[in-house]
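Residue numbers start at 1 and run along the sequence shown.
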Amino acid sequence: IVPGGGVALINAIRALETKLYEKDKLYKTLIENSPTVLISWRDEPGWPVEFISENISWFGYNAEDFLSGKILYTDIIHPKDKDRILAEVHGFREKGMTYYWQEYRIITPKGKVMWIEDRTTAEIVSSSEKKKYHNGILSDITERKIIEYALKQKQAQLATAQQLAHIGSWEWDIRTDTVTWSDELY
């Protein structure tokens, strides 16, 4: 029983609806302006998408294409990564893992390759139906992968130069009192 009768109850319900609407609007704004895409896909062949945030457009895709089934999530995984990713997810499932993390490439509609960091939680939503969903966040890590590759290239060039010149290098970390020597210094 609400003091003031039915009018007060209606006003209380409207106030709650307004608060819920405002929170929903805030969450949507935060997600859509984030570089992280939210996704939920069914644990079925092709990984049909149940939910995907509108900011999938940052990857060049339209959310409706996923939600309608026109595009399955596995369709966009790079062909050289797809078998590995499918096998890993199968292995996670077999081990009963409910949280996993992967890095892989996707292909955008324009053919561009993007690196993705995928952090996913698997859950059974309906035990009676045994429906399992994978809810994840997808982040574009392409820039990081480019930097990592460039660093590896520079390290290989340095090692080759030291080998050819028969010189080495060493580094002393004062904080840990650790000395690191290059192979050529030996």
Asks: Decide whether Ile116 and Phe92 are clustered together by the hydrophobic rule: side chain heavy atoms of Ile, Leu, Val, Met, Phe, Trp, Tyr closer than 4.5 Å, transitively.
Replies: yes
Asks: So does Lys112 get a backbone contact from the side chain of Thr108, meaning a donor-acceptor N/O pair under 3.5 Å?
Replies: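 Checked: pair present.
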Asks: What I'd like to find out is whether the side chain of Glu103 reaches to under 4.5 Å of the side chain of Arg144, using heavy atoms alone.
Replies: yes
Asks: Just so I know, are the side chains of Leu158 and Gln155 near enough to count as touching, which here means a heavy-atom distance under 4.5 Å?
Replies: no
Asks: State whether a side-chain donor-acceptor pair under 3.5 Å links Trp101 with Glu117.
Replies: yes
Asks: What distance separates Asp83 CG from Glu88 CD, expressed to the nearest 0.5 Å?
Replies: 11.5 Å
Asks: At their closest point, which heavy atom of Ile107 faces which heavy atom of Pro79, and how far apart are they?
Replies: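 Looks like CG1-CD, 4.3 Å.
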Asks: Would you say that Ile52 contacts Val37 through its side chain, given a criterion of any heavy-atom pair below 4.5 Å between the two side chains?
Replies: yes
Asks: Out of curiosity, Arg42 CZ to Leu72 CG, how far, rounded to the nearest 0.5 Å?
Replies: 9.0 Å
Asks: Ignoring hydrogens and geometry, is there a side-chain-to-backbone donor-acceptor pair from Asp65 to Ile71 under 3.5 Å?
Replies: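 Not confirmed, Asp65 side chain does not pair with Ile71 backbone.
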Asks: For the backbone of Tyr104 and the side chain of Asp118, can you confirm whether one donor and one acceptor N or O come within less than 3.5 Å of each other?
Replies: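 Such a contact is absent between Asp118 side chain and Tyr104 backbone.
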Asks: Please tell me if the side chains of Leu38 and Phe51 come closer than 4.5 Å, counting only heavy atoms from C-beta onward.
Replies: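 Yes - at least one pair of side-chain heavy atoms lies under 4.5 Å apart.
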Asks: I'd like to know if Ile106 and Ile146 are part of one continuous hydrophobic network [Ile/Leu/Val/Met/Phe/Trp/Tyr, side-chain heavy atoms within less than 4.5 Å].
Replies: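 Ile146 does not cluster with Ile106.
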Asks: Do Thr74 and Leu86 have side chains that approach each other closer than 4.5 Å (heavy atoms only, starting at C-beta)?
Replies: yes
Asks: To the nearest 0.5 Å, how far apart are CG in Leu151 and CD1 in Ile147?
Replies: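 Reported to 0.5 Å precision, the distance equals 9.5 Å.
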Asks: Apply side chain to side chain donor-acceptor pair (under 3.5 Å) to Asp177 and Trp172, showing your working.
Replies: CA-CA 7 Å; Asp177 196 29; Trp172 176 35; 3.0 Å; yes
Asks: Would you call Val89 and Gln102 a side-chain contact if the rule is heavy atoms closer than 4.5 Å?
Replies: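 A side-chain contact under 4.5 Å exists here.
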Asks: How close do Tyr73 and Val49 get, heavy atom to heavy atom, and via which atoms?
Replies: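 In terms of heavy atoms, the two residues are closest at CB-CG2, 4.0 Å.
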Asks: Give the cluster check for Phe59 versus Val113: same hydrophobic cluster or not, with ILVMFWY residues linked at side-chain heavy-atom distances below 4.5 Å.
Replies: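 No, Phe59 and Val113 fall in different hydrophobic clusters.
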Asks: State yes or no: do Ile137 and Ile77 share one hydrophobic cluster built from I, L, V, M, F, W and Y residues joined by side-chain heavy-atom distances below 4.5 Å, directly or via other members?
Replies: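 Each belongs to a different hydrophobic cluster.
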Asks: Could you report the tightest heavy-atom contact between Gly168 and Gln162, atom names first, then the distance?
Replies: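 So the two residues come closest at C-NE2, 3.7 Å.
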Asks: Looking at every heavy atom in both Ser53 and Ala63, which two are closest together, and how far apart are they?
Replies: O-CB, 4.3 Å
Asks: Consider only side-chain N and O atoms of Thr121 and Asn135, and report whether a donor and an acceptor are under 3.5 Å apart.
Replies: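 Result is no, nothing qualifies.
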Asks: For the side chain of Thr36 and the backbone of Ser139, is there at least one donor-acceptor N/O pair under 3.5 Å apart?
Replies: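 No; zero donor-acceptor contacts below 3.5 Å.
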Asks: Before you tell me yes or no, could you show the steps for Glu148 and Lys145 under salt bridge (charged side-chain N to carboxylate O under 4.0 Å, His left out), namely the whole-Å CA-CA distance, both residues' side-chain angles and the distance that decides it to 0.1 Å?
Replies: CA-CA 5 Å; Glu148 286 174 0; Lys145 286 295 194 177; 3.6 Å; yes
Asks: Tell me whether Tyr61 shares a hydrophobic cluster with Trp58, the cluster being built from Ile, Leu, Val, Met, Phe, Trp, Tyr side chains joined at under 4.5 Å.
Replies: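 Yes; tracing contacts between hydrophobic side chains, which count when under 4.5 Å, links both residues.
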Asks: Are side-chain heavy atoms of Tyr99 and Arg119 found at a separation under 4.5 Å?
Replies: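 In contact.
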Asks: Are Arg93 and Lys132 close enough that some pair of their side-chain heavy atoms sits under 4.5 Å apart?
Replies: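 Arg93 vs Lys132: side chains touch.
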Asks: Any donor-acceptor pair under 3.5 Å linking the side chain of Ser182 with the backbone of Ser169?
Replies: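 It does hold such a pair.
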Asks: Mind checking whether Trp47 and Trp41 have parallel, tilted or perpendicular rings, split at 30° and 60°?
Replies: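 Parallel.
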Asks: Nearest 0.5 Å, please: how far is CD1 in Ile39 from NE2 in His134?
Replies: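 Here the interatomic distance stands at 11.0 Å.
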Asks: Is it the case that the side chains of Tyr133 and Asp43 hold a donor-acceptor pair, with the cut-off being a distance below 3.5 Å and no angle test?
Replies: no
Asks: Has Thr142 got a side-chain atom pairing as donor or acceptor with Trp115's backbone, closer than 3.5 angstrom?
Replies: yes
